[in-house]
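In this text, all values refer to a predicted model and were calculated from it rather than measured experimentally.
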Amino acid sequence: SLAPNKAVAQVHSKWYVRKVGDICDFEYGDGLPQNKRQPGPYPVIGSNGRVGFHNQYFVEGPTIIVGRKGTAGAVFWEDENCWPIDTTFYIKLKSSDFNFHYLFLMLKELSLDKLGGGIGVPGLNREDAYQQKIPVPPLDVQAQIVSDCQAIDAEVEQAEKTIVDAKIEIDNRVSDLYGQHPLRRLSEVIIINPPKTEIKRFNDDTVVSFIEMASVSNDGFINEMVDKPLSILKKKSYTYFAENDIIVAKITPCMENGKCALAQGLTNELGMGSSEFHVLRAKHEINVKFLFLMINREAIRKEAEKHFTGSSGHRRVPASFYENFQIPVPISSDVQKSLVKEVAV
(Lines give C-alpha, C1' and ligand atoms only; values in the text may rest on other atoms or scores of the structure.)
Protein backbone atom coordinates (compact mmCIF):
# COMPACT_ATOMS: atom_id res chain seq x y z
CA SER A 1 0.00 0.00 0.00
CA LEU A 2 1.22 3.52 -0.82
CA ALA A 3 -0.90 5.05 1.96
CA PRO A 4 0.98 5.73 5.20
CA ASN A 5 -0.05 3.80 8.27
CA LYS A 6 -1.50 6.39 10.64
CA ALA A 7 -2.58 4.07 13.41
CA VAL A 8 -2.10 5.60 16.85
CA ALA A 9 0.31 3.61 19.00
CA GLN A 10 -0.70 2.68 22.53
CA VAL A 11 1.15 4.72 25.16
CA HIS A 12 1.81 3.03 28.47
CA SER A 13 2.70 5.34 31.36
CA LYS A 14 2.16 5.62 35.07
CA TRP A 15 1.14 9.22 34.37
CA TYR A 16 -2.15 10.41 32.94
CA VAL A 17 -2.09 10.26 29.13
CA ARG A 18 -3.65 12.99 26.97
CA LYS A 19 -4.09 13.58 23.25
CA VAL A 20 -1.84 16.22 21.70
CA GLY A 21 -4.93 18.02 20.40
CA ASP A 22 -6.18 18.47 23.98
CA ILE A 23 -2.94 20.19 24.97
CA CYS A 24 -2.09 22.48 22.08
CA ASP A 25 -3.07 23.84 18.67
CA PHE A 26 -1.05 23.50 15.46
CA GLU A 27 -1.41 26.94 13.86
CA TYR A 28 -0.53 27.53 10.21
CA GLY A 29 2.62 29.47 9.46
CA ASP A 30 2.36 32.54 7.26
CA GLY A 31 3.76 32.70 3.72
CA LEU A 32 6.79 34.94 3.30
CA PRO A 33 8.39 34.55 -0.15
CA GLN A 34 12.12 35.11 -0.29
CA ASN A 35 11.73 38.23 -2.45
CA LYS A 36 9.57 39.79 0.28
CA ARG A 37 12.08 39.31 3.08
CA GLN A 38 13.95 42.34 4.32
CA PRO A 39 17.30 42.21 6.19
CA GLY A 40 16.63 41.96 9.90
CA PRO A 41 17.26 40.01 13.11
CA TYR A 42 14.27 37.64 13.11
CA PRO A 43 14.75 34.04 11.88
CA VAL A 44 12.51 32.78 9.10
CA ILE A 45 11.66 29.11 9.76
CA GLY A 46 10.74 26.53 7.14
CA SER A 47 10.16 22.80 7.40
CA ASN A 48 13.95 22.25 7.41
CA GLY A 49 14.68 24.85 10.07
CA ARG A 50 16.04 28.36 9.55
CA VAL A 51 15.88 29.50 5.93
CA GLY A 52 16.75 33.18 6.35
CA PHE A 53 15.99 36.34 8.31
CA HIS A 54 13.45 39.19 8.16
CA ASN A 55 12.94 42.60 9.76
CA GLN A 56 9.62 41.56 11.32
CA TYR A 57 8.39 38.57 13.29
CA PHE A 58 5.14 36.65 13.11
CA VAL A 59 5.37 34.61 16.34
CA GLU A 60 6.86 35.53 19.70
CA GLY A 61 9.48 33.13 20.97
CA PRO A 62 10.11 30.72 22.40
CA THR A 63 8.02 28.55 20.15
CA ILE A 64 7.81 25.03 18.73
CA ILE A 65 7.65 24.68 14.97
CA VAL A 66 6.60 21.52 13.12
CA GLY A 67 7.21 20.86 9.44
CA ARG A 68 3.90 20.78 7.53
CA LYS A 69 5.13 20.35 3.95
CA GLY A 70 8.41 18.93 2.67
CA THR A 71 10.13 17.69 5.80
CA ALA A 72 6.75 16.89 7.30
CA GLY A 73 6.77 16.17 11.03
CA ALA A 74 10.22 17.65 11.75
CA VAL A 75 10.12 19.42 15.13
CA PHE A 76 12.19 22.54 15.93
CA TRP A 77 12.63 24.72 19.00
CA GLU A 78 13.13 28.44 18.42
CA ASP A 79 14.07 30.70 21.35
CA GLU A 80 13.73 33.97 19.46
CA ASN A 81 10.80 35.83 17.96
CA CYS A 82 10.52 34.41 14.45
CA TRP A 83 8.50 34.01 11.27
CA PRO A 84 7.31 30.43 10.56
CA ILE A 85 6.40 30.26 6.87
CA ASP A 86 3.48 28.43 5.30
CA THR A 87 5.27 25.07 5.08
CA THR A 88 5.10 24.84 8.88
CA PHE A 89 2.84 24.76 11.90
CA TYR A 90 3.68 26.68 15.06
CA ILE A 91 2.45 25.44 18.43
CA LYS A 92 0.19 27.30 20.84
CA LEU A 93 -0.59 25.87 24.27
CA LYS A 94 -4.25 25.72 25.24
CA SER A 95 -3.37 26.14 28.91
CA SER A 96 -0.53 27.77 30.84
CA ASP A 97 -0.32 24.82 33.27
CA PHE A 98 1.96 22.85 30.93
CA ASN A 99 5.72 23.01 30.45
CA PHE A 100 6.30 24.18 26.88
CA HIS A 101 9.77 22.67 26.64
CA TYR A 102 8.44 19.34 27.90
CA LEU A 103 5.89 19.39 25.09
CA PHE A 104 8.73 19.97 22.62
CA LEU A 105 10.57 16.88 23.91
CA MET A 106 7.43 14.78 23.69
CA LEU A 107 6.59 15.92 20.15
CA LYS A 108 10.09 14.99 19.01
CA GLU A 109 9.68 11.60 20.65
CA LEU A 110 6.42 10.94 18.78
CA SER A 111 8.23 10.80 15.39
CA LEU A 112 5.52 12.82 13.66
CA ASP A 113 7.41 12.40 10.39
CA LYS A 114 5.92 8.90 10.19
CA LEU A 115 2.49 10.48 9.78
CA GLY A 116 3.51 12.40 6.67
CA GLY A 117 1.86 11.37 3.42
CA GLY A 118 0.24 12.61 0.25
CA ILE A 119 1.14 12.63 -3.42
CA GLY A 120 4.30 14.52 -4.41
CA VAL A 121 5.58 16.68 -1.55
CA PRO A 122 4.93 14.90 1.79
CA GLY A 123 2.51 16.68 4.10
CA LEU A 124 1.44 16.41 7.73
CA ASN A 125 -2.25 16.60 8.59
CA ARG A 126 -2.59 18.24 11.99
CA GLU A 127 -5.66 16.17 12.79
CA ASP A 128 -3.44 13.08 12.68
CA ALA A 129 -0.96 14.75 15.02
CA TYR A 130 -3.77 15.72 17.39
CA GLN A 131 -4.66 12.04 17.89
CA GLN A 132 -1.19 11.16 19.21
CA LYS A 133 -0.93 10.70 22.96
CA ILE A 134 1.70 11.78 25.46
CA PRO A 135 2.11 11.21 29.21
CA VAL A 136 1.40 14.24 31.36
CA PRO A 137 3.19 14.09 34.74
CA PRO A 138 2.88 16.93 37.30
CA LEU A 139 4.52 20.23 36.38
CA ASP A 140 7.45 19.71 38.76
CA VAL A 141 8.16 16.33 37.14
CA GLN A 142 7.92 17.88 33.67
CA ALA A 143 10.42 20.54 34.75
CA GLN A 144 12.78 17.89 36.13
CA ILE A 145 12.61 15.90 32.88
CA VAL A 146 13.45 19.05 30.89
CA SER A 147 16.33 19.84 33.22
CA ASP A 148 17.75 16.32 32.96
CA CYS A 149 17.49 16.35 29.16
CA GLN A 150 19.16 19.75 28.94
CA ALA A 151 22.02 18.46 31.10
CA ILE A 152 22.49 15.51 28.72
CA ASP A 153 22.35 17.85 25.72
CA ALA A 154 25.08 19.97 27.31
CA GLU A 155 27.25 16.88 27.79
CA VAL A 156 26.71 15.85 24.17
CA GLU A 157 27.56 19.36 22.97
CA GLN A 158 30.76 19.36 25.01
CA ALA A 159 31.70 15.89 23.75
CA GLU A 160 31.12 16.99 20.15
CA LYS A 161 33.31 20.05 20.71
CA THR A 162 36.03 17.85 22.21
CA ILE A 163 35.89 15.58 19.14
CA VAL A 164 36.14 18.55 16.77
CA ASP A 165 39.07 19.99 18.71
CA ALA A 166 40.80 16.60 18.70
CA LYS A 167 40.36 16.23 14.93
CA ILE A 168 41.89 19.68 14.42
CA GLU A 169 44.83 18.77 16.65
CA ILE A 170 45.36 15.48 14.80
CA ASP A 171 45.22 17.27 11.46
CA ASN A 172 47.80 19.77 12.68
CA ARG A 173 50.10 16.95 13.81
CA VAL A 174 49.78 15.27 10.42
CA SER A 175 50.38 18.56 8.58
CA ASP A 176 53.59 19.01 10.59
CA LEU A 177 54.97 15.89 8.90
CA TYR A 178 55.07 17.68 5.54
CA GLY A 179 58.49 19.23 5.16
CA GLN A 180 59.98 17.00 7.86
CA HIS A 181 59.94 13.70 5.96
CA PRO A 182 60.36 12.68 2.32
CA LEU A 183 57.24 12.61 0.16
CA ARG A 184 56.37 9.30 -1.46
CA ARG A 185 53.77 8.50 -4.09
CA LEU A 186 51.18 6.18 -2.61
CA SER A 187 51.80 3.66 -5.38
CA GLU A 188 55.31 3.22 -3.95
CA VAL A 189 54.14 2.21 -0.49
CA ILE A 190 50.72 0.61 -1.05
CA ILE A 191 48.90 -1.81 -3.33
CA ILE A 192 45.76 -0.25 -4.77
CA ASN A 193 42.81 -2.55 -5.43
CA PRO A 194 44.53 -5.94 -4.99
CA PRO A 195 43.32 -8.49 -7.56
CA LYS A 196 40.23 -10.52 -6.83
CA THR A 197 42.11 -13.59 -8.08
CA GLU A 198 43.64 -13.84 -4.61
CA ILE A 199 40.46 -15.54 -3.35
CA LYS A 200 40.89 -18.46 -5.74
CA ARG A 201 42.89 -20.34 -3.11
CA PHE A 202 39.90 -20.37 -0.74
CA ASN A 203 37.08 -22.91 -0.78
CA ASP A 204 33.64 -21.78 -1.86
CA ASP A 205 32.21 -22.59 1.55
CA THR A 206 34.65 -20.21 3.26
CA VAL A 207 32.71 -17.63 5.27
CA VAL A 208 33.80 -14.02 4.84
CA SER A 209 32.67 -10.63 6.11
CA PHE A 210 30.34 -8.75 3.81
CA ILE A 211 30.34 -4.94 4.23
CA GLU A 212 27.91 -2.67 2.46
CA MET A 213 28.58 1.01 1.85
CA ALA A 214 25.92 1.90 4.40
CA SER A 215 27.81 -0.16 6.99
CA VAL A 216 30.78 2.22 6.89
CA SER A 217 30.27 5.28 9.07
CA ASN A 218 31.30 8.80 8.17
CA ASP A 219 33.67 8.75 11.15
CA GLY A 220 36.08 6.06 10.04
CA PHE A 221 34.45 2.93 11.44
CA ILE A 222 32.71 -0.18 10.17
CA ASN A 223 29.33 -0.37 11.87
CA GLU A 224 28.26 -3.81 10.71
CA MET A 225 29.69 -6.94 9.10
CA VAL A 226 27.55 -9.82 7.88
CA ASP A 227 28.97 -13.32 7.45
CA LYS A 228 28.30 -14.82 4.02
CA PRO A 229 29.76 -17.78 2.12
CA LEU A 230 32.32 -16.89 -0.52
CA SER A 231 30.42 -18.88 -3.14
CA ILE A 232 27.56 -16.36 -3.10
CA LEU A 233 29.77 -13.30 -3.32
CA LYS A 234 32.71 -14.06 -5.58
CA LYS A 235 30.70 -14.34 -8.80
CA LYS A 236 29.27 -10.84 -8.38
CA SER A 237 30.93 -7.46 -8.83
CA TYR A 238 31.73 -7.01 -5.15
CA THR A 239 35.07 -5.59 -4.08
CA TYR A 240 37.55 -7.93 -2.42
CA PHE A 241 39.73 -6.94 0.55
CA ALA A 242 41.59 -8.59 3.40
CA GLU A 243 42.42 -7.99 7.05
CA ASN A 244 44.13 -4.61 7.63
CA ASP A 245 43.20 -3.25 4.19
CA ILE A 246 41.71 0.23 4.03
CA ILE A 247 38.39 0.59 2.22
CA VAL A 248 37.46 4.06 0.99
CA ALA A 249 34.37 5.13 -0.95
CA LYS A 250 35.08 6.28 -4.48
CA ILE A 251 31.61 7.52 -5.47
CA THR A 252 29.92 10.80 -4.61
CA PRO A 253 28.59 11.72 -2.06
CA CYS A 254 29.94 8.82 0.02
CA MET A 255 33.55 9.85 -0.55
CA GLU A 256 32.96 13.46 0.50
CA ASN A 257 31.01 12.27 3.54
CA GLY A 258 34.09 10.44 4.81
CA LYS A 259 33.26 6.76 4.32
CA CYS A 260 36.70 5.32 4.91
CA ALA A 261 37.63 2.54 7.33
CA LEU A 262 40.36 0.14 8.37
CA ALA A 263 39.07 -3.39 7.84
CA GLN A 264 39.85 -5.37 10.98
CA GLY A 265 38.21 -8.34 12.67
CA LEU A 266 37.12 -9.85 9.35
CA THR A 267 35.84 -13.41 9.44
CA ASN A 268 38.69 -15.63 8.18
CA GLU A 269 40.52 -12.32 7.57
CA LEU A 270 38.60 -11.89 4.30
CA GLY A 271 36.02 -9.35 3.20
CA MET A 272 33.77 -8.50 0.28
CA GLY A 273 31.82 -5.32 -0.11
CA SER A 274 30.41 -2.60 -2.31
CA SER A 275 31.83 -2.25 -5.80
CA GLU A 276 32.14 1.46 -4.97
CA PHE A 277 35.10 0.88 -2.62
CA HIS A 278 38.73 1.46 -3.45
CA VAL A 279 41.04 -0.83 -1.47
CA LEU A 280 44.40 0.40 -0.18
CA ARG A 281 46.86 -2.20 1.15
CA ALA A 282 49.99 -1.10 2.99
CA LYS A 283 53.36 -2.52 1.98
CA HIS A 284 55.96 -3.42 4.59
CA GLU A 285 57.60 0.04 4.73
CA ILE A 286 54.47 1.81 5.99
CA ASN A 287 52.45 1.17 9.12
CA VAL A 288 48.83 0.49 8.12
CA LYS A 289 47.43 2.61 10.95
CA PHE A 290 49.76 5.43 9.98
CA LEU A 291 48.51 5.06 6.40
CA PHE A 292 44.89 5.21 7.59
CA LEU A 293 45.69 8.35 9.58
CA MET A 294 47.12 9.97 6.45
CA ILE A 295 44.28 8.87 4.14
CA ASN A 296 41.22 9.48 6.31
CA ARG A 297 41.49 13.28 6.22
CA GLU A 298 39.23 16.04 4.96
CA ALA A 299 42.14 17.65 3.09
CA ILE A 300 42.61 14.52 0.97
CA ARG A 301 38.88 14.24 0.31
CA LYS A 302 38.87 17.84 -0.93
CA GLU A 303 41.77 17.05 -3.25
CA ALA A 304 40.14 13.82 -4.44
CA GLU A 305 36.99 15.76 -5.30
CA LYS A 306 38.98 17.75 -7.85
CA HIS A 307 39.81 14.53 -9.70
CA PHE A 308 36.29 13.14 -10.04
CA THR A 309 35.43 11.46 -13.32
CA GLY A 310 32.02 10.55 -14.73
CA SER A 311 28.68 12.28 -15.06
CA SER A 312 26.82 14.26 -12.42
CA GLY A 313 25.43 12.02 -9.67
CA HIS A 314 27.76 9.16 -10.63
CA ARG A 315 31.13 10.85 -10.22
CA ARG A 316 33.94 8.72 -8.88
CA VAL A 317 37.52 9.11 -7.70
CA PRO A 318 39.78 7.16 -10.10
CA ALA A 319 42.41 4.79 -8.73
CA SER A 320 45.03 6.97 -10.45
CA PHE A 321 44.38 9.71 -7.89
CA TYR A 322 45.64 7.49 -5.08
CA GLU A 323 48.48 6.11 -7.21
CA ASN A 324 49.90 9.59 -7.74
CA PHE A 325 49.01 11.25 -4.44
CA GLN A 326 52.03 12.02 -2.27
CA ILE A 327 52.29 11.75 1.50
CA PRO A 328 55.20 12.17 3.92
CA VAL A 329 56.53 8.77 4.97
CA PRO A 330 58.95 8.77 7.90
CA ILE A 331 61.79 6.32 7.16
CA SER A 332 61.75 5.12 10.77
CA SER A 333 58.84 2.84 11.59
CA ASP A 334 59.18 4.03 15.19
CA VAL A 335 58.19 7.55 14.15
CA GLN A 336 55.11 6.18 12.41
CA LYS A 337 54.18 4.05 15.42
CA SER A 338 54.73 6.98 17.77
CA LEU A 339 52.27 9.19 15.90
CA VAL A 340 49.71 6.40 15.73
CA LYS A 341 50.02 5.85 19.47
CA GLU A 342 49.74 9.56 20.14
CA VAL A 343 46.43 9.93 18.31
CA ALA A 344 45.22 6.42 19.21
CA VAL A 345 44.09 5.37 15.72
Side-chain angles (χ1 to χ4, degrees), residues 166-167 169-178 180-199 201-202 208-213 215-225 238-250 254-255 257-274 276-301 303-304 317 319-345:
K167 286 182 177 179
E169 186 176 351
I170 290 171
D171 200 57
N172 289 337
R173 288 287 291 111
V174 171
S175 297
D176 289 343
L177 296 176
Y178 287 85
Q180 297 181 10
H181 302 280
L183 294 178
R184 305 278 298 276
R185 291 175 61 197
L186 281 175
S187 59
E188 298 176 36
V189 295
I190 70 172
I191 297 170
I192 301 173
N193 296 326
K196 199 171 181 179
T197 53
E198 290 185 6
I199 62 176
R201 59 192 179 92
F202 295 94
V208 305
S209 294
F210 179 70
I211 301 173
E212 297 179 302
M213 183 68 72
S215 297
V216 178
S217 79
N218 296 341
D219 298 310
F221 300 97
I222 296 173
N223 290 323
E224 183 180 20
M225 305 182 198
Y238 294 126
T239 299
Y240 153 73
F241 46 91
E243 187 78 5
N244 289 321
D245 285 347
I246 295 170
I247 52 176
V248 54
K250 58 185 176 184
C254 300
M255 187 281 294
N257 290 343
K259 287 187 177 291
C260 176
L262 181 58
Q264 292 187 317
L266 302 178
T267 301
N268 291 315
E269 300 191 338
L270 292 174
M272 299 283 279
S274 170
E276 298 295 350
F277 286 134
H278 279 310
V279 178
L280 312 181
R281 178 175 295 173
K283 295 181 181 178
H284 68 275
E285 61 259 58
I286 187 168
N287 182 291
V288 65
K289 291 187 176 181
F290 175 82
L291 174 64
F292 179 66
L293 179 63
M294 300 300 299
I295 293 297
N296 189 33
R297 300 171 57 221
E298 185 64 23
I300 289 186
R301 287 189 278 273
E303 190 63 29
V317 180
S320 59
F321 166 76
Y322 292 105
E323 291 170 351
N324 296 309
F325 195 80
Q326 294 184 324
I327 63 170
V329 182
I331 296 175
S332 169
S333 62
D334 290 339
V335 173
Q336 298 179 32
K337 291 178 182 177
S338 176
L339 181 62
V340 168
K341 184 178 180 180
E342 184 179 343
V343 301
V345 172

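Going from atom OG of Ser187 over to atom CD of Glu323 covers 6.5 Å, rounded to the nearest 0.5 Å. Taking CD of Glu342 as the start and CD of Glu169 as the end, the distance is 7.5 Å to the nearest 0.5 Å. For the atom pair CE (Met294) and OH (Tyr178), the distance works out to 4.0 Å, reported to the nearest 0.5 Å. In this structure, Ser175 OG and Ile170 CD1 are separated by 11.5 Å, a value rounded to the nearest 0.5 Å. One distance of note links CD1 of Ile247 with CD1 of Ile211; it measures 4.5 Å at 0.5 Å rounding. How far OG of Ser338 is from CG of Asn287: 11.0 Å, rounded to the nearest 0.5 Å.
Within the 4.5 Å cutoff, the side chain of Gln326 has no heavy atoms near those of the Arg184 side chain. Side-chain contact between Phe292 and Leu280 is absent, with no heavy-atom pair separated by less than 4.5 Å. Proximity of Leu177 to Phe290: side-chain heavy atoms (C-beta onward) are separated by under 4.5 Å at one or more points.
Of the possible donor and acceptor atoms, none in the side chain of Glu276 sits under 3.5 Å from a partner among the backbone N and O of Ala249. Looking only at distances, a side-chain donor or acceptor of His278 sits under 3.5 Å from a matching main-chain atom of Val317. Looking only at distances, no side-chain donor or acceptor of Asn257 sits under 3.5 Å from a matching main-chain atom of Lys259. With hydrogens and angles ignored, the 3.5 Å screen pairs a side-chain donor or acceptor of Gln336 with a backbone N or O of Pro330. Of the possible donor and acceptor atoms, one in the side chain of Asn193 sits under 3.5 Å from a partner among the backbone N and O of Val279. With hydrogens and angles ignored, the 3.5 Å screen pairs no side-chain donor or acceptor of Thr267 with any backbone N or O of Ser209. A donor-acceptor distance shorter than 3.5 angstrom exists from the side chain of Thr239 to the backbone of Ser274, with no hydrogens or angles considered.
For the pair Glu285 and Glu188, the tightest heavy-atom approach, listed with the atom from each and the gap, is OE2-O, 3.4 Å. Closest approach of Ile246 to Cys260, counting heavy atoms only: CG2-SG, 3.9 Å. Between Pro182 and Ile331, the closest heavy-atom pair is CG-CG1, 4.4 Å. Ala282 and Leu291 get closest at one heavy-atom pair: CB-CD2, 3.9 Å. Contact detail for Ala242 and Tyr240: the closest heavy-atom pair is CB-OH, 4.0 Å.
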### Query
Do Val329 and His181 pass the side chain to side chain contact (heavy atoms under 4.5 Å, CB included) test, and can you show the C-alpha distance, the side-chain angles, and the key distance before you say yes or no?
CA-CA 6 Å; Val329 182; His181 302 280; over 6 Å; no
### Message
Applying side chain to side chain contact (heavy atoms under 4.5 Å, CB included) to Phe202 and Val208, what does each step give before you reach the verdict?
### Response
CA-CA 10 Å; Phe202 295 94; Val208 305; over 6 Å; no
### Query
Step by step, would you call Phe241 with Leu266 a side chain to side chain contact (heavy atoms under 4.5 Å, CB included)?
CA-CA 10 Å; Phe241 46 91; Leu266 302 178; 3.9 Å; yes
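Side-chain contact of Arg301 with Asn296: a donor-acceptor pair under 3.5 Å is present, judged by distance alone.
Salt-bridge check for Glu198 with Arg281: passed, with a basic side-chain N closer than 4.0 Å to an acidic carboxylate O. Look at Lys167 and Glu298 and you find no salt bridge, because none of the NZ, NE, NH1 or NH2 atoms lies under 4.0 Å from a carboxylate O.
Counting heavy-atom neighbours within 6.0 Å of Lys337 NZ, excluding the residue itself, gives a total of 12 or less. When the shell of 6.0 Å around CD of Glu212 is examined, it contains 12 or fewer heavy atoms from other residues, nucleotides or ligands.
Partner of Ile327 under the side chain to side chain contact (heavy atoms under 4.5 Å, CB included) criterion, chosen from Leu186, Leu183, Ile190: Leu186.
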